[in-house]
Amino acid sequence: QVQLVESGGGLVQAGGSLRLSCAASGRTFSPYVMGWFRQAPGKEREFVAAIRWSGGVTFYADSVKGRFTISRDNAKSTVYLQMSVLKPGDTAVYSCAAKDQIRLYSDNYTSAEWYDYWGQGTQVTVSS
C-alpha cells in the first residue's frame, strides 16, 4: 500500500501565500499523475491541479490558474502546491492524490474517482 501525507496548511489572510507538500511513502510505486483536490464545507470535492510525473506537464482548474503552481520532486516522491493571492473562497481541506502507473487504463485526472491513493488532507483557511 502507498501512503500520502500532506502538510503546510494553516490560516492566512486574503492575498497571502501558502505552500502545501505531499510526500509518498510505503511500497515503491511509479505515479503517472499526482494531483490536488479540495473540499469546502457543504460542497463537493473539486479538482485543483495535477502534474504528470514523467515530463512535468501540469493541469489547473480555471479558478486557480495564475495563482497556484503545482510541482514535484522526483527524488523525494513529493508533490507541492504553491498557492498565492489566496482568497476566502480557497478555504477548504486540501487533499493529495496519486494515480498508479500500473493501474492506468484511461486519463481522467480531474475526477476524484480516477485516483488510486489519497492523503488525509490539510486545512487551509483564508480570512478576509
Side-chain angles (χ1 to χ4, degrees):
Q1 188 66 32
V2 174
Q3 293 82 45
L4 304 178
V5 180
E6 303 97 335
S7 62
L11 174 64
V12 64
Q13 293 185 353
S17 300
L18 284 173
R19 189 178 78 154
L20 306 183
S21 299
C22 173
S25 62
R27 73 168 181 85
T28 301
F29 86 114
S30 298
Y32 171 65
V33 162
M34 293 188 71
W36 290 94
F37 287 74
R38 67 187 183 186
Q39 186 167 26
K43 297 183 178 180
E44 295 185 349
R45 196 194 311 255
E46 66 173 344
F47 170 77
V48 176
I51 185 167
R52 193 171 294 163
W53 210 250
S54 179
V57 177
T58 58
F59 312 91
Y60 296 95
D62 289 342
S63 60
V64 305
K65 285 182 179 178
R67 300 189 298 121
F68 291 10
T69 301
I70 188 170
S71 61
R72 85 272 194 260
D73 186 330
N74 297 57
K76 297 182 178 180
S77 298
T78 300
V79 64
Y80 305 94
L81 185 68
Q82 177 65 50
M83 306 183 294
S84 299
V85 197
L86 283 162
K87 306 174 181 179
D90 295 319
T91 296
V93 174
Y94 285 71
S95 299
C96 176
K99 180 66 178 180
D100 197 330
Q101 181 73 250
I102 65 173
R103 298 180 180 273
L104 178 64
Y105 302 105
S106 62
D107 196 346
N108 194 18
Y109 57 87
T110 62
S111 175
E113 294 186 347
W114 181 71
Y115 291 83
D116 300 303
Y117 308 108
W118 287 87
Q120 291 294 106
T122 184
Q123 177 70 47
V124 172
T125 302
V126 184
S127 62
S128 60

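These numbers were taken from a predicted model, which means no experiment stands behind them.
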Applied to residues 43-61, the side-chain hydrogen bond (donor to acceptor under 3.5 Å, both in side chains) test, sequence neighbours excluded, yields Arg38-Glu46
First locate atom SG of Cys96, then atom CD of Glu6, and finally report the distance between them rounded to the nearest 0.5 Å. 5.5 Å
In plain terms, say whether Lys87 and Asp90 are close enough for a salt bridge, that is, a side-chain N and a carboxylate O under 4.0 Å apart. no
For a quick test of reading the model, state the closest non-hydrogen atom pair linking Leu4 to Cys22 and the distance between them. CB-SG, 3.9 Å
Is Val2 linked to Ile102 within one hydrophobic cluster, defined over Ile, Leu, Val, Met, Phe, Trp and Tyr using a side-chain heavy-atom separation of less than 4.5 Å? no
Where the side chain of Ser63 meets the backbone of Ala61, is there a donor-acceptor pair that is under 3.5 Å apart? no
Restricting to pairs with a member in residues 62-97, which pass ring-ring contact (aromatic ring centres under 6.0 Å, His included), not counting sequence neighbours? none
Under a 3.5 Å cutoff, is there a donor and acceptor pairing between the side chains of Asp100 and Tyr115? no
Heavy-atom closest contact (Leu86 atom, Leu18 atom, distance): CD1-N, 3.9 Å
When rounded to the nearest 0.5 angstrom, what is the spacing between CD in Gln101 and OH in Tyr32? 7.5 Å
Search all heavy atoms of Ala112 against all heavy atoms of Trp118 and return the closest pair with its distance. O-CZ2, 3.4 Å
Does Val12 belong to the same Ile/Leu/Val/Met/Phe/Trp/Tyr cluster as Leu20, with side-chain heavy atoms less than 4.5 Å apart forming each link? yes
Please report the interatomic distance CD(Gln123) to OG1(Thr91), rounded to the nearest 0.5 Å. 7.0 Å
Considering all heavy atoms, the nearest Gly121-Ser95 contact: CA-OG, 3.7 Å
If you define the side chain from C-beta out and look only at heavy atoms, does anything of Arg67 sit under 4.5 Å from Lys65? no
Of Trp36, Trp114, Phe37, Phe59, which is the lone residue that meets ring-ring contact (aromatic ring centres under 6.0 Å, His included) with Tyr109? Phe59
If you compare all heavy atoms of Ala14 against all heavy atoms of Ser128, which two are closest, and at what distance to 0.1 Å? CB-CA, 4.4 Å
May I ask you to test the Ser111-Phe47 pair for a side-chain heavy-atom distance under 4.5 Å? no
Going from CE on Met34 to OG on Ser71, what distance comes out if it is rounded to the nearest 0.5 angstrom? 11.5 Å
Pairwise distance CD(Gln120) to OG(Ser7) - rounded to 0.5 angstrom: 13.5 Å
Just so I know, are the side chains of Met83 and Ser17 near enough to count as touching, which here means a heavy-atom distance under 4.5 Å? no
Could you measure the distance from the CG atom of Leu81 to the OG1 atom of Thr122? Nearest 0.5 Å is fine. 11.0 Å
Ile70 versus Val79: any side-chain heavy-atom pair under 4.5 Å? yes
